[in-house]
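Right, one structure below, let's go through it.
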Amino acid sequence: MSNPLALVIRVVVVAVSLWVATLVVPGIDNTAGTTSSRIGTLVAVALIFGLVNAVLKPVIKVVGCPFYILTLGLIGLVVNALLFMLVGWIASGLGLPFVVGGFGAAFVGAIVVAVVSFLLHVLIPDRLDQR
């Protein structure tokens, strides 16, 4: 069974990464009014992001394996951008004030989220070593 603290840390890391993306990527916006609603929106979108990546990404990798091999993995950037667009679409459909303004914004946003998440996971491990 997974550690609940690890799940919370992962959601917070993704939420912070999404926040950074809203700051640096034109076309990715969190239009919630108050600070608390902005934080709530980021946490909700981080949960959607995690769910989409957990469910769809493995399926896409298996089905698209030849494309990953053919493009030496570069198709992964496109897949990540499309999944990021899907997260924005789902968030908007649920009434969350989170907007992904197109493929270009999603492409850069997915890279920003990946890099910031990686850096934060290096600084804040999401699992406790069991010795």
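The basis for the numbers below is simple: all heavy atoms, side chains too, and nothing from hydrogens, waters or symmetry mates. Sequence positions, counted from 1, serve as the residue numbers for this chain. As the structure is a computational prediction, the values presented were derived from the model and not from experiment.
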Practice problem: Decide whether V122 and L119 are clustered together by the hydrophobic rule: side chain heavy atoms of Ile, Leu, Val, Met, Phe, Trp, Tyr closer than 4.5 Å, transitively. | Solution: yes

May I have the list of side-chain donor-acceptor pairs in residues 100-110 shorter than 3.5 Å, sequence neighbours left out?
none

Quiz prompt | Separation between CD1 of I75 and SG of C65, rounded to the nearest 0.5 Å | solution = 12.5 Å

Practice problem: Please test F67 against V79 for side-chain contact (heavy atoms from CB on, under 4.5 Å), starting from the C-alpha separation and ending with a verdict. | Solution: CA-CA 11 Å; F67 294 111; V79 168; over 6 Å; no

Return all side-chain donor-acceptor pairs below 3.5 angstrom for residues 11-26, not counting sequence neighbours, or 'none' if the list is empty.
{"unit_1": "S17", "atom_1": "OG", "unit_2": "V13", "atom_2": "O", "d": "2.9"}
{"unit_1": "S17", "atom_1": "OG", "unit_2": "S117", "atom_2": "N", "d": "3.2"}
{"unit_1": "S17", "atom_1": "OG", "unit_2": "S117", "atom_2": "OG", "d": "2.8"}
{"unit_1": "T22", "atom_1": "OG1", "unit_2": "W19", "atom_2": "O", "d": "2.6"}

Quiz item: Sub-3.5 Å donor-acceptor pair from the side chain of R38 to the main-chain atoms of N30, do we have one?
Solution: yes

Self-check item: Joint hydrophobic cluster, F118 plus L123, side-chain heavy atoms closer than 4.5 Å
Solution: yes

Cut-off 3.5 Å, no hydrogens considered: what does the side-chain donor-acceptor table look like for residues 83-99, sequence neighbours left out?
{"unit_1": "S92", "atom_1": "OG", "unit_2": "G88", "atom_2": "O", "d": "3.1"}
{"unit_1": "S92", "atom_1": "OG", "unit_2": "F98", "atom_2": "O", "d": "3.3"}

Exercise. Mind checking the CG-OG1 spacing from L77 to T71? Nearest 0.5 Å is all I need.
Key: 8.5 Å

Quiz item: When rounded to the nearest 0.5 angstrom, what is the spacing between CD1 in I48 and CG in L51?
Solution: 8.5 Å

Quiz item: From N80 CG over to I111 CD1, what is the distance, rounded to the nearest 0.5 angstrom?
Solution: 8.5 Å

Quiz item: Out of curiosity, N53 CG to I60 CD1, how far, rounded to the nearest 0.5 Å?
Solution: 9.0 Å

Exercise. State the NZ-CG distance between K61 and L56, to the nearest 0.5 angstrom.
Key: 13.0 Å

